[in-house]
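Note sheet for the following structure.
Along the sequence shown, residues carry numbers from 1.
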Amino acid sequence: AETPTPEVAYTPTPTPEPQQPDKLVLFDFVGLKSDRIEKLLGAPTNEVEGEETIDRDYNYRGNTLTISFDKKKKRVVSFQMFFMPPIEEAAALKNIGIIPRQISPTITSSLLKVWTPYDQFSKVRLSLNNGNVIAIIVEP
């Protein structure tokens with residue numbers, strides 16, 4: 001007598017999820033139009049229109065990431081993230097999606113660290129308070 005084959009439960013192949021914000025890095029947003037960024041990060045939580053730029057806030061890795069767009073050229077001008085309470089430099093870079101590197105800053109003081117350039121970005125600026133980062137601004 002043949003032994004019956006046990007039934008195997010069918011599990012459908014899951015459809016790939018859209019990339020999660022914590023898996024995305026800043027390079028993923030450089031050069032993208034705002035509608036494409038919305039597809040990746042969701043709708044902005046806030047929007048402020050200035051004379052030359054539109055600033056949109058997005059939830060990114062549990063923080064608020066402000067992306068400034070040039071109104072005329074419709075391209076990303078800068079990324080900004082604020083930290084309350086202030087955090088360590090390596091954590092700030094990681095939170096905004098930049099790999100911390102042993103690169104000497106172009107400008108350094110007790111209140112500021114600026115790299116021009118930093119990897120593929122033209123400028124990375126950290127605002128410091130007692131050695132910890134309170135804000136980071138990145139320009140593509």
Hey, any chance [X] and [Y] share a hydrophobic cluster, counting ILVMFWY side chains that come within less than 4.5 Å of each other, even indirectly?
| X | Y | result |
| --- | --- | --- |
| Leu40 | Tyr58 | yes |
| Ile98 | Ile103 | yes |
| Val30 | Leu65 | yes |
| Val77 | Phe121 | no |

> Is Ser122 reaching over with its side chain to a backbone N or O of Pro140, donor-acceptor style, under 3.5 angstrom?
Replying inline: yes
Taking Ser109 for the side chain and Leu111 for the main chain, is one N or O donor matched with an acceptor at less than 3.5 Å?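 Yes, Ser109 side chain to Leu111 backbone: donor-acceptor pair under 3.5 Å.
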Quick one: [atom1] on [X] to [atom2] on [Y], what's the gap to the nearest 0.5 Å?
| X | Y | atom1 | atom2 | result |
| --- | --- | --- | --- | --- |
| Glu52 | Lys73 | CD | NZ | 10.0 Å |
| Phe82 | Asp57 | CZ | CG | 9.5 Å |
| Ile87 | Leu93 | CD1 | CG | 8.5 Å |
| Arg56 | Leu41 | CZ | CG | 12.0 Å |
| Thr108 | Leu112 | OG1 | CG | 8.0 Å |
| Thr106 | Trp115 | OG1 | CH2 | 9.0 Å |

Report yes if some heavy atom in the side chain of [X] is under 4.5 Å from a heavy atom in the side chain of [Y]; otherwise report no.
| X | Y | result |
| --- | --- | --- |
| Pro86 | Ile134 | yes |
| Asn46 | Thr64 | no |
| Pro100 | Glu89 | no |

- Just wondering, more than 12 heavy atoms not from Lys71 lying within 6.0 Å of its NZ?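 For Lys71, atom NZ is crowded (more than 12 foreign heavy atoms under 6.0 Å).
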For Glu38, I'd like to know if atom CD has over 12 heavy atoms of other residues, nucleotides or ligands within 6.0 Å.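 Atom CD in Glu38 is packed in, count exceeds 12.
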Q.
For Arg61 and Met81: C-alpha separation, side-chain torsions, deciding distance, then whether side-chain contact (heavy atoms from CB on, under 4.5 Å) applies.
A. CA-CA 11 Å; Arg61 299 180 179 208; Met81 194 179 277; 5.6 Å; no
Classify the ring geometry between Phe29 and Phe79 as parallel (under 30°), tilted (30 to 60°) or perpendicular (over 60°). tilted
Only residue of Val138, Ile137, Val133 satisfying side chain to side chain contact (heavy atoms under 4.5 Å, CB included) with Leu126 is Val133
Could you go through Lys33 and Phe69, starting from their C-alpha distance and side-chain angles, then the distance that decides it, and tell me whether this counts as side-chain contact (heavy atoms from CB on, under 4.5 Å)?
CA-CA 9 Å; Lys33 301 260 190 263; Phe69 298 90; over 6 Å; no
### Query
Is the Lys NZ or Arg CZ of Arg101 less than 6.0 Å from the centre of Tyr118's six-membered ring, within 45° of the axis?
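Because its charged atom misses either the 6.0 Å distance or the 45° angle limit, Arg101 does not stack over Tyr118.
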Margin query: Is there a side-chain contact (heavy atoms from CB on, under 4.5 Å) between Ile136 and Phe83? Walk through the geometry before answering.
Written below: CA-CA 9 Å; Ile136 185 167; Phe83 304 101; 3.8 Å; yes
